[in-house]
Amino acid sequence: MPQSGKSQRIGAVKQITSHSNPIVKEIKGLVAQRKHRSQSGLFVAEGLKLATDALEAGWDVRYLALGPEGRDNPIAQKAAATAKARGALILEVSTAVMSAMTRKDNPQMVVGVYGQKLLSATEVDPKGSNLWVALDRIRDPGNLGTIIRTVDAVGGAGVMLVGDCTDPFAVEAVRATMGSLFHVPLARMTKDEFKALAEKWPGTVAATHLKGSVDYRTPDYKEPVLLVMGNEQKGLEDDMADACSTLIRIPQVGQADSLNLAVATGIALYEVRRKHLEL
């Protein structure tokens, strides 16, 4: 995966009126195609909140597109000035062009294009961290975005994407993070890399699993904690579960046969982090 670092670009302002402009086509490709995002190392985030979050967190911004409402909004104008000072190209576009870029009839007033950030397995350092979440082959971008947001809410250290996971930089996933993408480190790794990491993990490695016999509220979670969650349909693979020190379950008493993955992860996270959370 290409990692897009900052360069000595010179910021500028460009007006775009044509749907066939190469930059419009590039942004459309980033919205629509994972292959294009992977090859370029870029992704799209829609909305003024995400734009300000990304800039405050120091992420590399390539383009910042402003629709008519954005050009009249003082917060959006401030974001554009900051992005331009960092070398971004500010695009002044019509609502129609913004719709074409985002493939939406009612687009946001601001759309940004940013460089991706992904850690490797060797860059994950549990020392000094309190909690990481590992996701095994997660497929739903909304679930992934919600989990990233919840990890941020409990003060977690990061999220590991193990195996063939959905793209964390897909527009749907980015939107679901509500800006937490810019604050929660992400790491991508193979199953074997995860196993090697789990084997050396200095704290509790806990996984939700059908074979789990331990109530999730029972363990004394030794920090740093690594919470492992499985695929939405198939759950956690047995060999992944074997790499964990504790297999936990969340009790259910109704007729539902399972919990949504993001909900189950949130329940477990708040229990793991209980002693750190105060109003």
Side-chain angles (χ1 to χ4, degrees), residues 124 126 129-168 170 172-178 180-181 183-189 191 194-195 197-198 201 203-277:
V124 175
S129 65
N130 46 52
L131 168 70
W132 278 78
V133 173
L135 303 173
D136 174 29
R137 298 163 299 128
I138 185 172
R139 304 306 303 159
D140 186 276
N143 278 339
L144 176 54
T146 301
I147 290 170
I148 292 170
R149 183 180 178 183
T150 309
V151 170
D152 189 13
V154 301
V159 174
M160 305 176 191
L161 305 174
V162 184
D164 185 21
C165 289
T166 190
D167 184 5
E172 299 84 358
V174 174
R175 184 187 307 120
T177 71
M178 290 294 290
S180 291
L181 173 71
H183 307 293
V184 176
L186 302 179
R188 176 169 287 162
M189 63 193 67
K191 185 193 298 186
F194 165 80
K195 290 179 182 178
L197 191 59
W201 197 264
T204 299
V205 182
T208 57
H209 196 270
L210 290 176
K211 295 180 181 178
S213 58
V214 178
D215 188 308
Y216 80 106
R217 297 164 293 189
T218 302
D220 179 16
Y221 294 100
K222 178 186 175 184
E223 294 182 344
V225 178
L226 176 52
L227 177 64
V228 188
M229 306 294 293
N231 171 270
E232 289 95 337
Q233 282 75 42
K234 298 180 180 180
L236 191 67
E237 291 188 323
D238 287 341
D239 59 341
M240 290 278 289
D242 291 341
C244 303
S245 58
T246 304
L247 298 182
I248 58 176
R249 291 183 70 177
I250 299 172
Q252 295 176 218
V253 296
Q255 299 304 308
D257 59 2
S258 63
L259 287 172
N260 168 270
L261 176 61
V263 171
T265 305
I267 291 171
L269 281 173
Y270 269 85
E271 180 60 32
V272 170
R273 292 283 291 159
R274 177 189 291 269
K275 64 184 178 182
H276 295 286
L277 302 175

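Index from 1, following the sequence. The figures that follow rest on heavy atoms only: side chains count, while hydrogens, waters and symmetry mates do not.
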Asn143, Val162, Val159 screened by side chain to side chain contact (heavy atoms under 4.5 Å, CB included) with Leu135, the one that passes: Val159
Atom pair CG/CZ of Asp239 and Phe194 - distance to nearest 0.5 Å: 10.0 Å
Any Leu277 side-chain heavy atom under 4.5 Å of Tyr270 side chain: yes
Side-chain touch Thr177/Asp152, heavy atoms, less than 4.5 angstrom: no
Contact summary for Ala268 and Leu227, nearest pair of heavy atoms: CB-CD2, 3.8 Å
Salt bridge (Lys or Arg N to Asp or Glu O under 4.0 Å) between Arg274 and Glu271, intermediate numbers included: CA-CA 5 Å; Arg274 177 189 291 269; Glu271 180 60 32; 2.7 Å; yes
Value rounded to 0.5 Å, distance of CG in Leu197 from CH2 in Trp132: 9.0 Å
Greater than 12 external heavy atoms within 6.0 Å of Leu259's CG: yes
Closest heavy-atom pair and its distance - Ala198, Val205: O-CG2, 4.0 Å
Inter-residue atom distance Leu181.CG - Leu186.CG, 0.5 Å rounding: 6.0 Å
Flag side-chain contact, heavy atom, 4.5 Å: Arg188 against Cys165: no
Test item: Glu232 side-chain N/O and Leu261 main-chain N/O as donor-acceptor pair under 3.5 Å: no
Inter-residue atom distance Lys195.NZ - Met240.CE, 0.5 Å rounding: 8.0 Å
Any side-chain heavy-atom pair of Val228 and His209 under 4.5 Å: no
Heavy-atom closest pair, residues Pro224 and Pro126: CG-O, 3.5 Å
Note, Trp201 side chain near Val124 side chain (heavy atom, < 4.5 Å): yes
Nearest non-hydrogen partners of Val133 and Ile147, listed with the distance: CG1-CG2, 4.5 Å
Nearest heavy atoms of Glu223 and Arg273, plus distance in Å: OE2-NH1, 4.0 Å
Any Val151 side-chain heavy atom under 4.5 Å of Ser180 side chain: no
Spacing of Asp220 atom CG and Thr204 atom OG1 [to the nearest 0.5 Å]: 7.0 Å
Whether Arg137 side chain and Leu236 backbone form a donor-acceptor pair below 3.5 Å: no
Rounded distance (nearest 0.5 Å) linking atom CG of Asp136 with atom NZ of Lys191: 7.0 Å
Which atom of Ala262 lies closest to which atom of Asn260, heavy atoms considered: N-OD1, 2.9 Å
Thr146 side chain reached by Thr265 side chain, heavy atoms, under 4.5 Å: no
Minimum side-chain heavy-atom gap Met160-Leu226 below 4.5 Å: yes
